[in-house]
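First the structure, in the form of structure tokens, and then the observations on it.
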Amino acid sequence: MPELPEVETVRTGLAAFLPGKKITHESYDWPKGFPNSDADVRQFLLGASITAVRRRAKVLLIDLDTAYTLVIHLKMTGQMVYRGDHEQFGAGHPNDSLIGRLPDKSTRVTLTFADNSKLFFNDQRKFGWMRLMPTIEVEQLDFFQKVGPEPLAADFTPAQFIARLKRRAKSGIKAVLLDQTVVAGIGNIYADESLWGAKIHPETKVQEVSPAKLQKLYESLRDVLQLSIEKGGSTDRNYVNAEGKRGSYLTFAKVFRREGKPCPRCGTTIIKLRVAGRGTHVCPRCQVLPKA
DNA sequence: CACTTGACCTGTCCGC
DNA sequence: TGCGGACAGGTCAAGT
């Protein structure tokens, strides 16, 4: 579920609420998703105050003044929702909220703060996880050692992007975009959207994509990620921001989940394929495989 | 080595 | 209305 724009939207929301909050209580019902020992939780989490909320790739990082960090991956259906005391953790929000009273049956971890507000980590499918570890060790995690650059970073250039893609010259380009070690944060939605923008068929081998189209892919990737962040991310089913509200990017999506509808560029009916094991949306006229 | 498949889970939707 | 199967935005491990 959450890809870079969704995790970034959650980060922004949490960053508005959490810094300075002191954790007074925690509860969890999914040891596999939050495997820390009770002793570590007591020593480094309870009584700690939050100093910052960061993001790297699709991972959320909540820094504590104990020099520990909560490392969180939402995977497919994870949610991080903050509720103030005055909201009673109750009725939810009328229109744009997907969730009501909290905790609910998908709540895995609840943090309570000194002002009695709460942070809920919900995860229907239980793929997500949360881990408490020394801040200094976070960057040593295998994932962070391998993960590629942030595509929206100011110093991320087209030349860098293209060079990294070409490390897997013989692979299908969608599979390469989804590879977190090539570029960070791209998932199924933005892979499909950016390939449509650059008029590239997702199964095209990287080495067969023209330099002009690779340049165009860099631009369309950054454009769709940026637009999605502005729209609060994509909500297909589960995703919500830190306030429990949906994102609206899918309203603007050109191909994702639009099979059977006309391509916004040429009017041809969009089709759904299976590429790299993932549901994949393409315009069969705009996005054509080069002849073998 | 590179790609595909299965595993991790629950919920929903679709066809019979 | 019930039931089986496919599918869902991510990643990792194992198999080919």
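Each chain gets a letter, A, B and so on, in the order its sequence line appears, and its residues count up from 1.
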Using a cut-off of less than 4.0 Å, is there contact between a side-chain N or O of A:Lys105 and OP1 or OP2 of B:dG11? yes
C:dG10, OP1 or OP2 - any side-chain N/O from A:His73 closer than 4.0 Å? no
Validation row: A:Gln287, A:Pro202 side chains within 4.5 angstrom (heavy atoms): yes
Minimum side-chain heavy-atom gap A:Ser228-A:Glu230 below 4.5 Å: no
Identify whether NZ of Lys or CZ of Arg in A:Arg108 sits under 6.0 Å from the centre of the six-membered ring of A:Trp129 and within 45° of that ring's axis. no
Just the rounded figure in Å: distance from [atom2] of [N] to [atom1] of [X].
X        : N      : atom1 : atom2 : value
A:Gln79  : B:dG11 : CD    : P     : 13 Å
A:Asp236 : C:dG10 : CG    : C1'   : 14 Å
A:Asn238 : B:dT10 : CG    : C1'   : 10 Å
A:Ile72  : C:dG10 : CD1   : C1'   : 16 Å
A:Leu4   : C:dT11 : CG    : C1'   : 16 Å
A:Leu74  : C:dA8  : CG    : C1'   : 16 Å
A:Asp192 : C:dG10 : CG    : P     : 10 Å
A:Leu273 : B:dT4  : CG    : P     : 14 Å

[X] side chain to [Y] backbone, donor-acceptor under 3.5 Å:
X        : Y        : result
A:Arg222 : A:Ala153 : yes
A:Ser49  : A:Asp65  : no
A:Glu193 : A:Val255 : yes

Working to the nearest 0.5 Å, report the span between CD of A:Glu3 and OG1 of A:Thr9. 11.5 Å
Rounded to the nearest 0.5 angstrom, the CG-CZ distance for A:Leu4 and A:Arg56 is 9.5 Å
For nucleotides 12-16 of chain C, which of its nitrogen or oxygen atoms have a protein nitrogen or oxygen under 3.5 Å away, and what is each distance?
none

Within residues 121-129 of chain A, residues whose heavy atoms come under 4.0 Å of DNA chain C: A:Arg125, A:Phe127
Residues touching DNA chain C, which here means a heavy atom under 4.0 Å, drawn from residues 161-169 of chain A: none
Give the dot-bracket string for DNA chain B, reading 5' to 3', where a pair is Watson-Crick or G-U wobble with both distances under 3.5 Å, ( ) marks pairs inside the strand, [ ] marks pairs crossing earlier ones, | marks a partner on another strand, and . marks unpaired. .|||||||.|||||||
If you apply the rule side chain to side chain contact (heavy atoms under 4.5 Å, CB included), what do you find for A:Ile50 with A:Asp63, and how did you get there? CA-CA 6 Å; A:Ile50 293 171; A:Asp63 292 324; over 6 Å; no
Looking only at atom P, what distance separates C:dG5 and B:dG6, rounded to whole Å? 15 Å
Quantified in whole Å, what is the P atom distance between nucleotide C:dA13 and nucleotide B:dC9? 15 Å
Is [X] touching bases, backbone alone, or none of the nucleic acid, heavy atoms closer than 4.0 Å?
X        : answer
A:Arg257 : sugar-phosphate
A:Lys272 : sugar-phosphate
A:Gly187 : sugar-phosphate

For A:Phe17, give me all partners under ring pair (Phe, Tyr, Trp, His ring centres under 6.0 Å), at least two apart in sequence or on another chain. A:Tyr82
For the pair A:Phe44 and A:Tyr68, name the ring-plane relationship: parallel under 30°, tilted 30 to 60°, perpendicular over 60°. parallel
SB check A:Asp142 A:Lys146 (cutoff 4.0 Å): yes
Using a strict cut-off of less than 4.0 Å between a Lys/Arg side-chain nitrogen and an Asp/Glu carboxylate oxygen, indicate whether A:Glu150 and A:Arg55 qualify as a salt bridge. yes
When A:Tyr249, A:Tyr239, A:Tyr190 are each screened for side chain to side chain donor-acceptor pair (under 3.5 Å) with A:Ser234, the one that passes is A:Tyr190
Pairing residues for A:Phe127 by the side-chain contact (heavy atoms from CB on, under 4.5 Å) criterion, not counting sequence neighbours: A:Lys75, A:Met76, A:Arg125
Residue A:Lys32, side-chain atoms from C-beta onward, closest of B:dC9, C:dA8, C:dG10: B:dC9
